[in-house]
Participant: 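Please find one structure pasted underneath; my questions will follow.
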Amino acid sequence: MNKQIVVTILKILGETYPEARCALKFGSPYELLVATMLSAQCTDVRVNKVTNELYREFNTPEKMVSLTEEELGKKIKSCGFFRNKSKHILETSRAIIEEHGGKVPDTMEELIKLPGVGRKTADVVLSNAFGIPAIAVDTHVFRVSNRLGIARGNTPHKVEMELMKNIPKNMWSDSHHYLIWHGRKICKSRKPDCGHCPVAPYCEYLNCPEKNEK
DNA sequence: AACTCGGGGCA
DNA sequence: TGCCCAGAGTT
């Protein structure tokens, strides 16, 4: 797709979802890292509810590791996968203390070594906490990009490469959030609400049936 | 590439 | 009740 059209689409989405910058509330890179780890298969609304309470007392790796896995598990259980998540959060907090001087690392290479931190979480932390341009391709970004036709690919990595090629670098981080918001509100996986889609005129899913998602 | 982990919100 | 949700680790 024409790069000009891609930028147009993203600008429209940005105007449609002005609140979409970063839905996870955080006051430090560490808070964002933990919030993002919690957000796996769990909506941002619930994550924010949990972290609002959790961060009152436990908003640094040093304070976090004073909790046992069971104690932390109780506090985060409404985010699901609580055994894995509490274990990973504690292991990651210990690694940050012991191997990174208590600071969240700011490179992809170091971030994905942390237990429970994958490429998506790392991208979110890099772009939102450290201002390093990145596009995390989660299920929403993957689906919406393929449908619209702004980036096609059968793997998240392929879609990421296409997006980075088609979007100006200074729009990468915001675009990630716009695409997620659009995927949740309108371009849903099951029943996309094309009748209310602000970028329907540009959408290949609607206008080019032969290019329909695979 | 497929499978597993998981409670809560909503139809 | 059944389906779905800002993913990552293991096999």
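Order of the sequence lines sets the chain letters (A, B, ...), proteins ahead of strands, with each chain counted from 1.
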Participant: Can you confirm whether Glu19(A) is buried at CD, in the sense that more than 12 heavy atoms of other residues, nucleotides or ligands lie under 6.0 Å from that atom?
Facilitator: yes
Participant: DNA chain C: His88(A) or Leu24(A), which has the more 5' nearest nucleotide?
Facilitator: Leu24(A)
Participant: Short of 4.0 Å, heavy atom to strand atom, which residues of residues 163-175 of chain A count as contacting DNA chain B?
Facilitator: none
Participant: Categorize Arg184(A) for me: base, sugar-phosphate, or nothing, with a 4.0 angstrom heavy-atom threshold over every strand shown.
Facilitator: sugar-phosphate
Participant: Please tabulate, for the side chains in residues 191-203 of chain A, all donor-acceptor contacts under 3.5 angstrom to protein atoms that are two or more places apart in sequence or on a different chain.
Facilitator:
residue   : atom : partner   : partner atom : Å
Asp193(A) : OD1  : His196(A) : ND1          : 3.2
Asp193(A) : OD2  : His196(A) : ND1          : 3.1

Participant: Please check if Ile135(A) and Met108(A) belong to a single hydrophobic cluster, counting links between Ile, Leu, Val, Met, Phe, Trp and Tyr side chain heavy atoms closer than 4.5 Å.
Facilitator: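 No, no single cluster joins them.
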Participant: Using the C1' atom as the reference point in each nucleotide, state the distance between dC5(B) and dC5(C) in Å, no decimals.
Facilitator: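 So the two C1' atoms sit 14 Å from each other.
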Participant: Please list, by residue number, the residues of residues 7-20 of chain A whose heavy atoms come closer than 4.0 Å to an atom of DNA chain B; answer none if no residue qualifies.
Facilitator: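 The answer is none.
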Participant: Among residues two or more places apart or on two chains, list those pairs meeting side chain to side chain donor-acceptor pair (under 3.5 Å) that have a residue in residues 113-122 of chain A.
Facilitator: none
Participant: Under 4.0 Å from any atom of DNA chain B, heavy atoms only: list the residues of residues 104-124 of chain A that qualify, in numerical order.
Facilitator: none
Participant: For Met161(A), does the CE atom have more than 12 heavy-atom neighbours from other residues, nucleotides or ligands under 6.0 Å away?
Facilitator: no
Participant: What range of DNA chain B does chain A touch, first nucleotide to last, counting atoms under 4.0 Å from its heavy atoms?
Facilitator: dC5(B) to dG8(B)
Participant: Mind running side-chain contact (heavy atoms from CB on, under 4.5 Å) on Val137(A) and His157(A) for me, showing each step along the way?
Facilitator: CA-CA 8 Å; Val137(A) 178; His157(A) 184 252; over 6 Å; no
Participant: Less than 4.5 Å apart, any side-chain heavy atom of Leu179(A) and any of Ile150(A)?
Facilitator: yes
Participant: Can you list every pair that meets side chain to side chain donor-acceptor pair (under 3.5 Å) and has a residue in residues 161-171 of chain A, with sequence neighbours left out?
Facilitator: Glu162(A)-Lys165(A)
Participant: Just wondering, do Thr155(A) and Glu160(A) contact through their side chains at under 4.5 Å, heavy atoms?
Facilitator: no
Participant: Indicate yes or no: at least one non-hydrogen side-chain atom of Thr51(A) is less than 4.5 angstrom from one of Lys25(A).
Facilitator: no
Participant: Using the C1' atom as the reference point in each nucleotide, state the distance between dA2(B) and dA6(C) in Å, no decimals.
Facilitator: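 It comes out at 22 Å once rounded to the nearest Å.
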Participant: Do Leu163(A) and Ser175(A) have side chains that get closer than 4.5 Å, going by heavy atoms?
Facilitator: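 SC-SC contact between Leu163(A) and Ser175(A) ruled out.
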Participant: Chain A on DNA chain C: first and last contacting nucleotide, 5' to 3', under 4.0 Å to a heavy atom?
Facilitator: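 Span of nucleotides near chain A: dC4(C) to dG9(C).
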Participant: Say you draw a straight line from OH of Tyr178(A) to OG of Ser173(A); how long is it, rounded to the nearest 0.5 Å?
Facilitator: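 Between atom OH of Tyr178(A) and atom OG of Ser173(A) there are 10.5 Å.
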Participant: Does some side-chain heavy atom of Leu148(A) sit less than 4.5 Å from a side-chain heavy atom of Glu204(A)?
Facilitator: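 When only atoms from C-beta onward are counted, Leu148(A) and Glu204(A) do not touch, as no gap falls below 4.5 Å.
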Participant: Got Val47(A) and Leu24(A) here, is their nearest side-chain heavy-atom distance under 4.5 Å?
Facilitator: yes
Participant: Can you check the distance between dG6(B) and dT10(C), where both ends of the measurement are the P atom (answer in whole Å)?
Facilitator: 14 Å
Participant: Heavy atoms only, 4.0 Å cut-off, all strands: where does His177(A) land among base, sugar-phosphate and nothing?
Facilitator: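 Base: the residue His177(A), judged by heavy atoms under 4.0 Å, touches a nucleobase.
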Participant: Tell me, please, which residues at least two apart from Lys75(A) pass side-chain contact (heavy atoms from CB on, under 4.5 Å).
Facilitator: Leu54(A), Phe58(A), Leu67(A)
Participant: Residues sharing Val65(A)'s hydrophobic cluster, by side-chain heavy-atom contacts under 4.5 Å among ILVMFWY, directly or via others?
Facilitator: Ile97(A)
Participant: So, Lys11(A) and Asp174(A), do they make that salt bridge, N to O below 4.0 Å?
Facilitator: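 Result for this pair is no, no salt bridge flagged.
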Participant: Kindly write out the residues that satisfy side-chain contact (heavy atoms from CB on, under 4.5 Å) with Thr92(A), not counting sequence neighbours, or none if the list is empty.
Facilitator: Leu33(A), Met37(A), Ile96(A), Leu114(A), Pro115(A), Val117(A)
Participant: Let's see if you get this right: which residues in residues 73-87 of chain A place a heavy atom under 4.0 Å from DNA chain C?
Facilitator: Phe81(A)
